[in-house]
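Protein chains get the first letters and strands the later ones, always in sequence-line order, with residue 1 at the start of each.
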Amino acid sequence: MSDGASLAIETHGLTKRFGQHDAVKGVDLAVPHGAVFGFLGPNGSGKTTTIRLLLGLANPTSGEAVVLGGAMPRESATVLPRVGALVEGPGFYPYLSGSDNLHRLDTADRYATGASRKRRVAAALDRVGLSAASAKKVKAYSLGMKQRLGIANALLTPRELLVLDEPTNGLDPQGTREVRSLVRELAAEGTTVFVSSHLLAEIEQICTHAAIMSAGALVAQGTLDELRGSGRGAVILKTPDAALADSVLSRLGLTVQSTPVASGAMAELTADLIGATTEASDIVAALVEAGVRVNGFTVEQTSLEDRFVDLTGAGFNVEQ
Amino acid sequence: MLSSEPMTVPTVSGQPLGDEVDVRARPAAGWALLRSEISVLFRRKRTWAMLVALAAVPILIALAVRLTESNPRSNGGSGPAFLDEITHNGLFVAALGLTVCIPLFLPLTVGVVAGDTIAGEASAGTLRYLLIAPAGRLRLLVVKYIGAAVFSLAATLTVAAAGALIGAALFPIGPVTLLSGNTIGVGESLVRSLLIASFITISLLGLSAIGLFFSTLTDVPVGAMAATIVVSVVSQVLDNLPQLDWLHPWLFSNYWLSFGDLLRDPISWTSFGENALLQGAYFIIFGALAFGRFSTKDVLS
Ligand SMILES: Nc1ncnc2c1ncn2[C@@H]1O[C@H](COP(=O)(O)OP(=O)(O)OP(=O)(O)O)[C@@H](O)[C@H]1O
Ligand SMILES: [Mg+2]
């Protein structure tokens, strides 16, 4: 907890076991204050379980979670009033209207003042575009309307941290876009946003940081650039001096695939950068120094999606 | 979905003032959640359906007695004592209604409400949102228990009030002869009816605590409701087995029909006190069990 002051969420070896199966194993999250933090992972990889642990809904089997400087679940009473959350979809009383549901949940927060309750509920409903449906019973809401109401619930009081578990689930394209701009807006106000999703494009659009879960373990985390960068893709080199280039690249510790061509003709060599420590610029310098004539040199960046598939496997089946 | 007026939402950066969540500030005592619990309870159609059903019991009895009374009597007064009494004095209908409801109908409805307390929130998905609000687990249990107790009171009063009203409508009203032979006036007899209603409400507090505990064990409200109702039936069956004499004083249903003491002059408070003590013990034991279970429970619903 050395830099607990600058981290909104910090976990150490967070583990949750269900029976014989580790749903979350040894997760060390570090979410900086003010970040929009994407929490990625395939179905069943442990995102929702981690969020439950962060919010004190479940007790870790081992490890610890510190949220806004307070250990969870021990300090829930002082941490949670500053946290707004949507966990595993919305949950409401079907026989109450949208605004009555928000009233009800707001009374549970002892720090939320009763005097401003009405106004705050109306404002939260307005913010998610539900003002017109606020008097309607929730059982008459569509999936997306319930999801919006769930987001409104997270916004009832000003929050330092928002934890949103798949907030765009069930939303129409307009709703999805509005959630994106809502997250940006909140982030601009200084709120830290922790958002889980398996929609990579969405994460790429709104997040400053991300972490990737796979089968309960955290396999990568950092800023988006770091994540893409640590995947770094490959360099593609066009040169007539194929043999010389090959030896230079091999000396740098890179694995080279070349398309065999007749000597004198242009060769194309591809060197995988994944796992390599060499910077692309150093490669060019080494090639030039060795007298390799370079006709083309391209660094192919991995997309977050490539990185995601790299780390979590391309298989479609849910891993356990 | 975005508001065109950016200032409608209180923001962290300070607009409008007085809305910040300042956890150093003293939190409110939390009565708002209790008020909300009770108002939500009484806004459910199910609650009203149960109260209407309970009110129907004394009304149906009174109507049945009234209709048969107008026929020439064939069975020379062999019916239960109360049934005969009410034809002479409508004020007895309230006590009769409560006597009929206490073995089954009241435990049934209280079992539904008490069994639903936590499990119902879990199955609706609202439990996790109450807890992250944060309601506080102990506070939520206390609020839920008070809600169930308020329902018990409402249920008993409903039976008593429906009985008194239908009694007054169908039968003559007059001074009531007590079990001890004395006679009391109409006002005093209403007070006695309220005493009986409070005796029965207290009698249901132990069962409510059992229901609350069962409700923390499952995410399926029907399961907790059924278990609570079964327990109330089993307790009464055991209470009727003379072989289990030694056990009877410990059964929460032991005093359910002992409110006759309140119909004497002077009132004998012995069973009232013993009943309150017994229900208190059940409340402490099952309240502690409920808290023990719920305070560390993983909420995965
Ligand atoms: N209540 C539970 N009991 C037992 N196992 C559970 C429970 N909840 C979750 N799990 C298991 O924990 C693992 C992680 O589940 P979790 O819900 O955290 O996944 P997720 O990443 O949120 O998936 P999704 O993208 O589908 O929402 C899964 O293997 C799941 O089977
Ligand atoms: Mg999930």
Residues of residues 111-120 of chain B contacting chain A, heavy-atom criterion under 4.5 Å, by residue number: none

Side chain / backbone / both / neither for B:Glu37 at chain A, heavy atoms under 4.5 Å: both

Report which part of B:Ser39 has an atom under 4.5 Å of a heavy atom belonging to chain A: side chain, backbone, both, or neither. neither

Non-hydrogen side-chain atoms of A:Arg104 and B:Leu33 separated by less than 4.5 Å: yes

Minimum side-chain heavy-atom gap A:Val83-B:Ile132 below 4.5 Å: no

If I take atom OH from residue A:Tyr95 and atom NZ from residue B:Lys45, how far apart are they, to the nearest 0.5 angstrom? 11.5 Å

Using every non-hydrogen atom in the two residues, find where [X] and [Y] come nearest and quote the distance to one decimal.
X        : Y       : value
B:Arg137 : A:Gly56 : NH2-O, 3.2 Å
B:Val299 : A:Arg52 : O-NH1, 3.0 Å
B:Thr126 : A:Gly91 : CG2-O, 3.4 Å

Evaluate whether atom [atom1] of [X] has more than 12 neighbouring non-hydrogen atoms of other residues, nucleotides or ligands under 6.0 angstrom away.
X        : atom1 : result
B:Lys297 : NZ    : yes
A:Arg180 : CZ    : yes
B:Phe105 : CZ    : no

Pair A:Tyr93, B:Glu121 - check side-chain contact (heavy atoms from CB on, under 4.5 Å), show working. CA-CA 8 Å; A:Tyr93 305 92; B:Glu121 300 281 354; 2.6 Å; yes

Donor-acceptor contact present, side-chain B:Tyr129 to main-chain A:Val87, <3.5 Å: yes

Could you check whether any side-chain N or O of B:Arg139 sits under 3.5 Å from a backbone N or O of A:Ala108, counting only pairs where one atom can act as donor and the other as acceptor?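 Flag set: sc B:Arg139 to bb A:Ala108 pair under 3.5 Å.
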
Should A:Lys16 and B:Asp298 count as an ion pair when the cut-off is N to O under 4.0 Å?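 B:Asp298 and A:Lys16: salt-bridged.
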
Using a cut-off of under 4.5 Å on heavy-atom pairs, state which of A:Gly150, A:Gly89, A:Ala154 scores highest against chain B.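 With the most close heavy-atom pairs to chain B, the winner is A:Gly89.
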
Counting heavy-atom pairs under 4.5 Å with chain B, which one of A:Ala122, A:Gly84, A:Pro73, A:Pro90 comes out on top? A:Pro90

Name the option with the most non-hydrogen atom pairs under 4.5 Å to chain A; the candidates are B:Ala135, B:Gly125, B:Pro134.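 Looking at each of B:Ala135, B:Gly125, B:Pro134 in turn, B:Pro134 comes out on top.
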
Just give me the residue among B:Leu131, B:Leu34, B:Leu130 that pairs up with chain A most often, heavy atom to heavy atom, under 4.5 Å. B:Leu130

For B:Ala32, which residues count as a side chain to side chain contact (heavy atoms under 4.5 Å, CB included) partner, sequence neighbours excluded? A:Thr107, A:Arg117, B:Arg35

Identify which part of [X] has an atom lying under 4.5 Å from any heavy atom of chain B, answering side chain, backbone, both or neither.
X        : result
A:Asn101 : neither
A:Leu96  : side chain
A:Leu186 : neither
A:Asn59  : both

